[in-house]
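Below you'll find the structure, written out as structure tokens, and then a few comments.
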Amino acid sequence: MSVTGLCQICEQNEAEHSCSNCGTLACEEHWDEALGLCAQCAATVERGEGGDGTVRPDDLDDDEVMRF
Ligand SMILES: [Zn+2]
Ligand SMILES: [Zn+2]
């Protein structure tokens with residue numbers, strides 16, 4: 001996957017990645033390789049906010065919980 005354009009966070013470096021969460025183009029500096037997210041989304045995840053697409057135990061039905 002190649003991305004064309006400037007990083008939308010610093011607007012200085014060439015973007016190397018496109019965030020799968022918000023679509024922001026991010027350069028190497030503003031890309032969290034471990035999370036696969038831009039720096040903005042990575043910061044949000046690390047603060048424990050957001051969570052879209054993340055299954056939490058609370059989302060499971062009681063039957064599902066019982067199996068564990
Ligand atoms: Zn950048
Ligand atoms: Zn993002």
Side-chain angles (χ1 to χ4, degrees):
M1 293 190 297
S2 66
V3 177
T4 302
L6 290 176
C7 169
Q8 294 181 304
I9 298 174
C10 63
E11 296 184 342
Q12 290 179 24
N13 300 322
E14 190 165 341
E16 302 277 348
H17 306 275
S18 175
C19 179
S20 60
N21 186 49
C22 68
T24 292
L25 300 180
C27 67
E28 211 60 59
E29 275 184 51
H30 296 107
W31 179 254
D32 192 312
E33 191 70 49
L35 296 174
L37 299 170
C38 69
Q40 293 174 327
C41 290
T44 300
V45 169
E46 285 169 3
R47 284 200 303 267
E49 296 173 7
D52 288 338
T54 301
V55 177
R56 302 181 200 172
D58 290 348
D59 292 334
L60 296 173
D61 293 331
D62 289 340
D63 289 346
E64 293 289 331
V65 174
M66 290 296 282
R67 296 197 192 113
F68 293 115

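First listed ligand is number 1; within each ligand, the first listed atom is number 1.
- Within the 3.5 Å criterion, the main-chain N or O of Leu25 finds a donor-acceptor partner in the side chain of Gln8.
- A heavy-atom distance below 4.5 Å is found between the side chains of Leu37 and Val45.
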Check: Should Glu33 and Glu28 be marked as a side-chain contact (heavy atoms from CB on, under 4.5 Å) after you check the CA-CA gap, both sets of side-chain angles, and the distance that decides it?
Finding: CA-CA 9 Å; Glu33 191 70 49; Glu28 211 60 59; 4.1 Å; yes
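- Side-chain contact between Cys41 and Leu35 is absent, with no heavy atoms from C-beta onward closer than 4.5 Å.
- By the criterion of a separation under 2.8 Å, the protein N/O/S atoms near the Zn ion (ligand 2) amount to Cys19 SG, Cys22 SG, Cys38 SG, Cys41 SG.
- With sequence neighbours left out, Glu11 forms a side-chain contact (heavy atoms from CB on, under 4.5 Å) with no residue at all.
- Residue-level check: among N/O/S atoms of His30, ND1 sits closest to the Zn ion (ligand 1).
- Side-chain atoms of Cys27 and Glu14, non-hydrogen and from C-beta on, never get closer than 4.5 Å to each other.
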